[in-house]
Structures are given as C-alpha cells and as structure tokens.
There are 2 protein chains.
Amino acid sequence: MSKVLVFGHQNPDTDAITSAISYAYLQKKLGVDAEAVALGTPNEETAFALNYFNVEAPRVIETAKNEVDSVMLVDHNEVQQSVSDIKELEVLAVVDHHRIANFETANPLYYRGEPVGCTNTIILKLYKEHGIEIPKNIAGLMLSAIVSDSLLFKSPTCTEEDVKAAKELADIADVDVNVYGLDMLKAGTNLADKTALQLIDADAKSFPMGGKNLRIGQVNTVDVNDVLSRQAELEAEMAKQNELNGFDMFVLVVTNILESDSVVLVVGEPKEKVETAFGVKLENNTAVLSGVVSRKKQVVPPLTNAFN
Amino acid sequence: MSKVLVFGHQNPDTDAITSAISYAYLQKKLGVDAEAVALGTPNEETAFALNYFNVEAPRVIETAKNEVDSVMLVDHNEVQQSVSDIKELEVLAVVDHHRIANFETANPLYYRGEPVGCTNTIILKLYKEHGIEIPKNIAGLMLSAIVSDSLLFKSPTCTEEDVKAAKELADIADVDVNVYGLDMLKAGTNLADKTALQLIDADAKSFPMGGKNLRIGQVNTVDVNDVLSRQAELEAEMAKQNELNGFDMFVLVVTNILESDSVVLVVGEPKEKVETAFGVKLENNTAVLSGVVSRKKQVVPPLTNAFN
C-alpha cells in the first residue's frame with residue numbers, strides 16, 4: 001500500500017493532533033506507511049502536552065492530493081472540517097466520536113465511530129484489538145486528549161469508557177491525571193495575548209444547518225469576564241468573519257472550565273433560533289448556558305434541531 | 001433503554017435479513033431490548049436458508065416511528081435504502097460494509113463499517129469482542145450471508161476475513177459450506193415463475209449520482225439467456241418503473257454465478273455514461289461485463305465516477 005496521511009480536523013484541538021499521532025503509530029505497526037500530519041498548528045494546551053511528553057508537533061499541510069491518493073481521518077468526518085481537497089482523495093479509514101454528516105465515499109471503507117468522549121478512547125481499543133503496545137509518550141498524548149475533551153471528566157460527553165481509558169493511559173504514561181490534567185487545561189486558558197480573531201476562530205468549526213451556515217467557536221477560560229470584557233472587539237471580528245466567509249451566524253461559546261458553565265455570544269441571524277435551541281433570551285447578544293460545556297453534545301444538537 | 005428495531009435494507013437479500021437477526025441477538029445478549037425486523041419478505045435464497053436452519057422470517061415493517069424512537073441499521077446506511085421514516089428516528093448504531101453516503105445524524109453514534117464482503121463477517125467480530133457465544137442456527141444464517149454476498153467466495157468483494165469467518169461459522173453450524181452453499185445459491189436462481197417486475201426489482205437499490213437518480217438491480221442465474229429471452233418485457237417494465245419513480249436510469253445486472261460474468265441491460269439516459277463507466281459499447285441496450293459479479297465493487301464505483 002502506498003503512503004497514507006492521517007489527520008484530524010481544521011483548527012486542531014488536542015484530540016485532533018494527538019489522535020493523528022496515535023492512530024498513525026498504530027497503522028505503522030500494522031504495516032501501513034502512515035504519517036501523522038495536521039491541518040493547523042497546536043494550540044497552547046496541545047503544545048503543553050507535546051512538550052511535556054517530548055513529541056514533535058505534526059507538520060501542517062494545506063492539501064493532501066499533491067502527496068498521496070489516500071488518507072485516514074481522525075476526530076472528524078465532515079467535509080468542511082477536513083483538508084481542502086478531501087473530495088479528490090480516497091478515505092480509507094475514519095476513527096471518530098462525532099455525528100456523521102456531509103461525508104460520502106464511493107467505496108466501502110473502515111469506519112469506527114463510537115459515542116464516547118474522545119477519539120483516543122476508541123484508538124486505545126484498537127491498540128488492544130491488534131495487541132500492539134502503546135509507547136509511554138504516546139499514551140501520555142492520548143491521556144491528554146481525554147482530559148481535554150472531557151474537561152477532566154466533567155463534560156457530559158465523558159463516558160465510563162473514557163474514565164477507564166484515562167486511568168489505563170495514565171498508568172502507562174506514569175503521570176497523576178488530576179495534577180497533570182489541570183496544568184494542561186490551564187495552559188490552554190492563557191487568552192490575554194490573543195487577538196480577537198485568534199479567540200473566536202482557534203477552535204471554530206462550520207456546521208451547515210437547515211440551509212444556514214453556522215460557525216461555532218469555543219473558548220475555555222477560568223474567568224468568563226476575561227473574554228467578555230472584549231465583547232465589542234469580538235463582535236466586530238465575528239461580523240467580519242461572517243461577511244468574509246459567508247457564515248450566516250457566528251456562535252461563540254465561552255466556557256468556564258472550573259465552574260462548568262458557558263456564556264454564548266451570537267453575531268448573525270436568525271438569533272431567535274439560538275433562543276429556541278437553548279430556551280434562553282439573548283441580552284446584548286449573550287446568554288448564560290447553565291451547565292453547558294460540550295459543543296458536540298450540548299450546543300450542536302439543539303441548534304441542529306432548532307434550524308431544521 | 002427503550003425498545004430498538006434492527007433492520008437491513010429495502011428489497012432485503014440474505015445478508016440484510018440475517019444480519020438483522022444476528023445483530024439483534026447480540027444486542028439482546030448485551031441487555032438491549034432489540035427486535036430484528038425486515039423491510040421486505042425474504043427472497044427464495046434467503047427463504048432456503050431460514051428454512052434450513054429453522055428460523056422464522058423477521059416480521060416486515062413499513063415504518064418504525066410508530067413503534068420506537070431508535071433503530072439500528074445493518075447492511076446499509078443510505079437514507080433511500082432504509083425505512084421510509086428513517087429521518088424521524090435516532091440511529092443508535094450501524095454495522096455495514098458499503099460505502100457511506102446520504103447518511104446524516106444529529107448525534108454521535110456507534111458506526112462499525114469495514115471493507116469486507118459481508119456484514120455478518122463484521123458481526124462475527126463483534127460477538128468475539130463481547131465474548132458472546134453464537135447459537136448454531138444463527139451461525140448457519142451468518143454463514144449463508146457470507147456465501148450469498150461472496151457467491152461462494154468468488155466475488156472480488158470477498159476478503160480473507162470473509163473466508164476465515166465462513167469456516168468458523170460452518171464449524172459452529174455443522175454444515176459443509178460448499179455443498180450447502182451451492183444448494184442455497186441455486187435456490188435463489190429459480191426465475192421462471194417470476195414477473196418482470198419481480199426480476200428487475202427484487203434486489204434493486206437506488207443510487208443518486210451526479211444529479212441523476214439511478215436504480216440498479218441484480219439477478220443471479222445459472223443461465224443468462226433465461227433472463228435475456230425476456231428482454232423486451234423487462235425493458236418495458238424498467239421504463240415503467242423509471243417513469244413511476246422518477247429514476248433517470250434503470251441498470252439491470254444479470255450475473256451468471258457459475259461463470260462469474262454479467263450482462264448489463266440499461267433503460268434510460270444518459271447511456272453513454274454506462275459505456276464510459278465500463279469501457280464497453282451497448283448493443284441493443286446490453287453489454288457483457290466480463291468478470292463482473294459485484295454491484296458494490298464493480299458496478300457502483302465506476303458508475304459513480306462516470307456520473308460525477
């Protein structure tokens with residue numbers, strides 16, 4: 001089999017970067033000429049994890065067809081979240097924990113989707129099914145992804161399988177998950193030196209819903225006011241991005257990782273769909289979303305229902 | 001968890017019927033209140049297998065939302081091949097060996113797709129992963145599906161995993177796979193008392209391709225002339241079905257299961273796409289497709305490429 005690139009979604013988070021590394025390593029052990037790459041540079045949280053476990057960041061690609069004919073996707077499946085020339089490539093495999101949408105192949109493929117909190121929880125199973133040992137540093141990165149996606153097991157997306165997987169991986173990586181995990185999460189909340197565009201777009205993904213094109217970003221923080229004090233500047237940047245990219249609406253979810261609540265900031269129309277989705281009234285374009293920390297489980301599904 | 005229905009595609013073949021039975025049995029063993037149902041009655045091949053292993057045919061449903069909120073799909077994922085009200089239902093799980101297309105969920109789900117020859121080859125793995133024993137009669141049905149989908153291991157869709165799975169299942173079911181398999185396949189080629197509609201539509205599936213709506217049927221036979229002697233009658237029925245259902249083209253693949261060749265019969269436009277797809281010239285609306293026995297691997301992909 002010729003060379004295969006393995007990558008996570010655009011605007012990569014810790015799971016997107018590390019699941020490419022862990023899945024590519026597994027594929028190499030299974031005899032595939034696989035290389036982990038990324039569709040963007042690591043955020044500060046991911047950089048902390050890579051540095052801690054002494055692993056280099058995957059190189060960043062803009063297109064893949066110039067290098068390979070076939071790819072494997074981790075932590076995403078939707079076309080608009082993938083590499084720009086995905087439609088020209090054969091997708092051989094997907095390992096993911098998101099909804100399936102805007103994804104189509106001409107041929108049968110390997111698709112492993114499970115409704116767990118983190119792609120690396122599934123990848124741990126695949127290592128076991130194939131009887132492949134996980135190196136210490138890769139186990140550390142896989143653990144980092146579970147901590148990141150589950151906000152240290154507080155997110156409603158977190159399942160018993162994720163908790164169990166994290167324990168196993170922490171043993172292999174030889175770290176205290178609570179100490180290491182909080183240090184890593186805090187490394188990702190250093191927002192002061194970020195531009196408005198970096199804040200709104202760092203983790204943003206596009207979601208077509210009911211004929212509208214939504215952009216949904218999420219920022220983790222230990223103090224929501226750190227972000228909201230820049231509301232005017234953020235709104236201007238969100239409006240600009242809507243116009244530049246044809247988004248109908250930009251939804252920014254600002255999540256307090258210590259208190260497990262979020263504030264939503266909305267620019268674009270129709271705003272009443274957001275109010276319907278969450279059962280809230282927007283005031284000054286914002287609303288508190290009590291107990292909401294997961295875009296995937298608590299933001300995208302109610303918005304999808306409201307728009308459809 | 002409330003009750004869940006498990007079913008394969010419309011116009012069910014042996015894999016569609018038996019994978020619903022085998023997967024529902026596995027789910028029941030895992031504590032899910034699952035019932036295998038079907039989107040049509042068994043064909044003669046499947047009826048032979050059910051009768052041989054003394055298992056009742058699953059009851060046929062037209063809609064599912066009137067009974068349940070959630071379903072599990074086997075041997076298909078595309079909306080137009082599924083139950084009529086699939087868009088109103090939550091898909092909890094899919095086990096399939098086809099391309100993924102026209103499939104979208106609002107929530108993460110369990111999706112197990114593998115590029116093997118038969119859904120039941122994947123389901124055998126799932127039994128093993130969960131450590132669940134397979135009853136003799138269910139093993140016999142799973143074996144029947146592998147024989148059916150692989151035309152006794154002759155189809156290019158057949159992988160080493162399918163052959164290995166069939167051996168394991170034949171041991172559990174206590175049958176000689178070659179003797180039983182050929183008897184079962186022959187039971188499915190009794191075409192004389194079938195109407196033209198039954199012949200063209202028994203195994204037909206719809207495939208949207210490049211803005212066109214294709215209907216692709218397949219008939220297995222031990223003598224292609226048995227079918228082609230009725231060409232005028234078949235063409236009239238294909239034209240009628242195109243008009244009634246808005247198909248742009250009806251493609252009927254008549255497969256000789258002993259010689260592993262097919263003849264294609266085409267009604268509708270643009271026919272030149274079919275010629276491009278297979279590198280043939282249609283004469284009198286037909287062409288020989290040498291070595292073609294698999295709709296999934298040898299018919300749908302070249303047509304998809306030609307139409308896109």
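So that the names make sense, note that chain A is the first sequence line, chain B the second, and so on, each numbered from 1.
- Residue Glu78(A): no heavy atom, backbone or side chain, is found under 4.5 Å from chain B.
- The shortest distance between side-chain heavy atoms of Arg99(B) and Thr105(A) falls below 4.5 Å.
- Here the straight-line distance linking atom CG of Asn308(B) with atom NZ of Lys87(A) works out to 9.5 Å at 0.5 Å rounding.
- Put simply, the side chain of Glu104(A) does not reach to within 4.5 Å of the side chain of Ile100(B), judged on heavy atoms.
- With chain B as partner, the option from Pro301(A), Pro108(A), Ala106(A) having the largest number of non-hydrogen pairs under 4.5 angstrom is Pro108(A).
- Within a 6.0 Å radius of NZ in Lys271(A), more than 12 heavy atoms belonging to other residues, nucleotides or ligands are found.
- No part of Asp96(A) comes within reach of chain B, as not one of its non-hydrogen atoms sits under 4.5 angstrom from that chain.
- Within a 6.0 Å radius of NZ in Lys164(A), no more than 12 heavy atoms belonging to other residues, nucleotides or ligands are found.
- For a residue to count as touching a neighbouring chain, one of its non-hydrogen atoms must lie under 4.5 Å from one of that chain's; by this rule Asn102(B) touches chain A with backbone and side chain alike.
- Atom-to-atom distance recorded for Lys297(B):NZ and Asn107(A):CG is 7.5 Å, nearest 0.5 angstrom.
- Few gaps surround NZ on Lys65(B); more than 12 heavy atoms of other groups in view lie less than 6.0 Å from it.
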